[in-house]
Number of protein chains: 2
Amino acid sequence: MFYISLVLSLSAYPKIRPKQPYPMVNKTQHSSNCAACNCKASIFKNLSPLEIELINSSRFQVSYKAGEIIFKQGTPSPYFVCVTSGLAKIYIEGYGKNLILALIKPVDYIFGPGIYVDNRHYYSAAAVEDCTACLVDVTVFKKLIRENPDFAEEFIKRVSLQSIFNFDQVISLTQKQMHGRIADVIFYLSDKIYCQNPFEMTISRQDLADLSGMSKESAIRILKEFKEEGILTISSNTMEVLNTKQLRQISETG
Amino acid sequence: MFYISLVLSLSAYPKIRPKQPYPMVNKTQHSSNCAACNCKASIFKNLSPLEIELINSSRFQVSYKAGEIIFKQGTPSPYFVCVTSGLAKIYIEGYGKNLILALIKPVDYIFGPGIYVDNRHYYSAAAVEDCTACLVDVTVFKKLIRENPDFAEEFIKRVSLQSIFNFDQVISLTQKQMHGRIADVIFYLSDKIYCQNPFEMTISRQDLADLSGMSKESAIRILKEFKEEGILTISSNTMEVLNTKQLRQISETG
DNA sequence: TACACATATTGATATATGTCAATGAAGAAT
DNA sequence: ATTCTTCATTGACATATATCAATATGTGTA
């Protein structure tokens, strides 16, 4: 499905975050100015210095520990969330299980479709690794959409890209068997999220299952088969794809 | 993902189109002016008379016979398509089978996500019943998005509504069993598309299967079970839901 | 160290669902 | 009418996948 949300992943994943606990900082703290920030989401590239300052003035920073919920499906949604470090997931809470729509890494944003409808979240978001994020008031965001056509166009473009990504996702979920779906998720992780080949999977097996729309046990079994066939190795959550070509073929033959 | 596309369904379905063959009119023909047209898509409500005229001047009308392809996944996409009569479907051609993302009825539009990306279609569209449609040059559409913030905001709102619809669709497809999925499709047809209770199903069983992500045979079997349980009746493609409450429960229990 | 707890793994089993093949029914074309 | 073609229906069967239960592994804490 279909396609899906207003989230984008365009930048490279910098470095795997060590699992050391962060100090909890949940109070508002204006850190360095947006204009000078190297964690600025690329969607803001078309904004003037004045407009950046507008974003900056309504912005505040929050830290989340791994596992913490960032926002919950059904709740009101007054913020544009920009993930500046760590890894988060957005997921729909369905009938007894979750479907992960995407993983969000720095510097990407989370901006649900409810904001232009009824100001509610239509999916939940949670920190997979310890995260920091900048929150921006949506009214500022909407104001800029109205006032800056380049920004509006860029936004629509990103929404469109996300739709296209989601088309592939729905087809994978509804028309491929488990092997193909797991293959797709592995490519998503290695190419789009961790962007390395031997990569440390900071997501759980349950998350892997929620990404591929199957039970945790099934996901584990497929992984085991892939190991036995020499397609990949896993040791203590570090996965390496050994036979990309074969994995690609599994993805394509469903 | 469902989650998916830039299509919207807001208006009521007027009347079931009889299956008489239309005269094929595939040449350009400017019919009556947009400004006076009662088939105007509601997304245009915020446009000034001057802007409406801009749409009108770049617009032309086409007829499609049932079964004909309107456009094909992968091809370039220079038009905004507004369905003015009949019924169309948009569908992704996946691995051996299709997934219908939505049915499009008058007066709704088809406007794929590729238009702001690489100008290609990411799904196909075909006439289910005989159709007429108005095509508008996308450059005109994009120009209006840039120049009229109300129109841009309305457009984003509709894209968002579609995303939300697609969330439900993906959850239905990936987390419900066949009975629940068929129930969802029946509600979609009776509440959103035909908008009547005894309604004539102008879509085929294959379409029904492609809407619910299962094989044609399975879809037929579930329908048969529903008939046997007295939930609905079908005679010569006229379906009537007899026990809405039970059908709703089947939808919710997956 | 030992315990408690969460997460990962494995096996056995039930079942939901697709595939294949055959038959029937309804139009369209001759 | 009769043939032809497409679509709908039904049954038999194979299998992909979830569920349940048991065990293992790891991780933080007292």
Side-chain angles (χ1 to χ4, degrees), chain A residues 18-21 65-68 94-99 126 128-130 172-183 185 200-228 233-239 250 253-254, chain B residues 18-21 65-68 94-99 126 128-130 172-183 185 200-228 233-239 250 253-254:
Chain A
K19 285 192 178 178
Q20 293 151 12
K65 287 207 283 190
E68 285 185 342
Y95 295 83
K97 58 181 182 174
N98 298 334
L99 177 69
V128 171
E129 306 168 11
D130 295 335
S172 175
L173 288 173
T174 60
Q175 302 195 349
K176 290 185 184 180
Q177 299 190 173
M178 295 196 300
H179 297 256
R181 303 211 299 270
I182 289 286
V185 170
E200 199 204 339
M201 289 224 303
T202 51
I203 65 171
S204 68
R205 299 303 146 102
Q206 184 63 59
D207 287 336
L208 193 76
D210 291 345
L211 274 165
S212 49
M214 67 185 70
S215 72
K216 170 182 83 236
E217 293 93 332
S218 292
I220 289 169
R221 262 183 270 265
I222 309 290
L223 242 38
K224 189 187 172 193
E225 280 184 50
F226 285 176
K227 273 194 287 190
E228 286 167 356
T233 58
I234 309 179
S235 56
S236 77
N237 280 338
T238 297
M239 179 184 293
I250 290 170
T253 55
Chain B
K19 285 192 177 177
Q20 293 151 12
K65 288 207 283 192
E68 285 186 343
Y95 295 83
K97 58 180 182 174
N98 298 335
L99 177 69
V128 172
E129 306 168 13
D130 296 336
S172 176
L173 288 172
T174 60
Q175 302 196 348
K176 290 185 184 180
Q177 300 190 172
M178 294 196 298
H179 297 256
R181 305 211 297 272
I182 289 286
V185 170
E200 198 204 339
M201 289 224 302
T202 51
I203 65 170
S204 68
R205 299 303 146 103
Q206 185 63 60
D207 287 335
L208 194 75
D210 290 345
L211 274 165
S212 49
M214 66 184 70
S215 72
K216 172 180 82 238
E217 293 93 332
S218 292
I220 289 169
R221 261 182 272 264
I222 309 289
L223 241 39
K224 189 187 171 192
E225 281 185 49
F226 285 175
K227 273 195 286 190
E228 286 167 357
T233 59
I234 309 178
S235 57
S236 77
N237 281 337
T238 298
M239 179 184 292
I250 289 170
T253 56

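Nothing here was measured: the structure is a model prediction, and the numbers come from that model. Chain letters run A, B, ... following the sequence lines, proteins first, then strands; residues in each count from 1. Computed from heavy atoms alone, side chains included, the values below leave out hydrogens, waters and symmetry copies.
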Inter-end axis angle, the helix from C/dT1-D/dA30 to C/dT30-D/dA1, with every axis fitted to five base pairs (rounded, 10 degrees): 30°
Between P of D/dA16 and CD of B/Q177, the distance in whole Å: 18 Å
Atom pair distance, as rounded to whole Å: CD in A/E225 and P in C/dT10: 11 Å
Side-chain donor-acceptor contact under 3.5 Å, A/E129 with A/T202: yes
A/S218-A/S215 side chain donor-acceptor pair, cut-off 3.5 Å: yes
A/I222 CD1 to D/dA16 P, straight-line distance once rounded to whole Å: 10 Å
Donor-acceptor pair, side chain of B/E200 and main chain of B/N237, under 3.5 angstrom: no
A/K176: partners by side-chain contact (heavy atoms from CB on, under 4.5 Å), with sequence neighbours left out: A/S172, A/R181, A/D184, A/S251, B/Y95
side-chain contact (heavy atoms from CB on, under 4.5 Å) partners for A/T253, two or more places apart: A/Q249
Nucleotide C/dA8, atom C1' - distance to CG of A/D210 in whole Å: 15 Å
Could you pull out every donor-acceptor pair under 3.5 Å between side chains of residues 220-228 of chain B and any protein atom, sequence neighbours left out?
none

Interface polar pairs with nucleotides 7-11 of chain D, N/O, under 3.5 angstrom:
residue : atom : partner : partner atom : Å
D/dA8   : OP1  : B/R205  : N            : 3.2
D/dA8   : OP2  : B/R205  : N            : 3.4
D/dT9   : OP1  : B/R205  : NH1          : 3.4
D/dT9   : OP2  : B/R205  : NH1          : 2.5
D/dG11  : N7   : B/R221  : NH1          : 2.9

Between C/dA16 (P) and B/L173 (CG): distance, integer Å: 18 Å
Which residues share a side-chain contact (heavy atoms from CB on, under 4.5 Å) with B/Q206, sequence neighbours left out: B/S204, B/A209, B/D210, B/K216
Whole-Å distance separating the CD1 atom of A/I250 from the P atom of D/dA16: 14 Å
From C/dT19, D/dA18, C/dT17, nucleotide with atom closest to B/S215 side chain: C/dT19
Between P of D/dT15 and CE of A/M178, the distance in whole Å: 14 Å
Length of the CD-P vector between A/Q175 and C/dT19, whole Å: 11 Å
Annotated protein contacts, base or backbone, on nucleotides 25-30 of chain C with a non-hydrogen cut-off under 4.0 Å, one of B, S, - each: ------
Candidate list A/L211, A/I203, A/D207, test side-chain contact (heavy atoms from CB on, under 4.5 Å), partner A/V185, passing option: A/L211
Under 3.5 Å donor-acceptor, B/D130 side chain and B/A66 backbone: yes
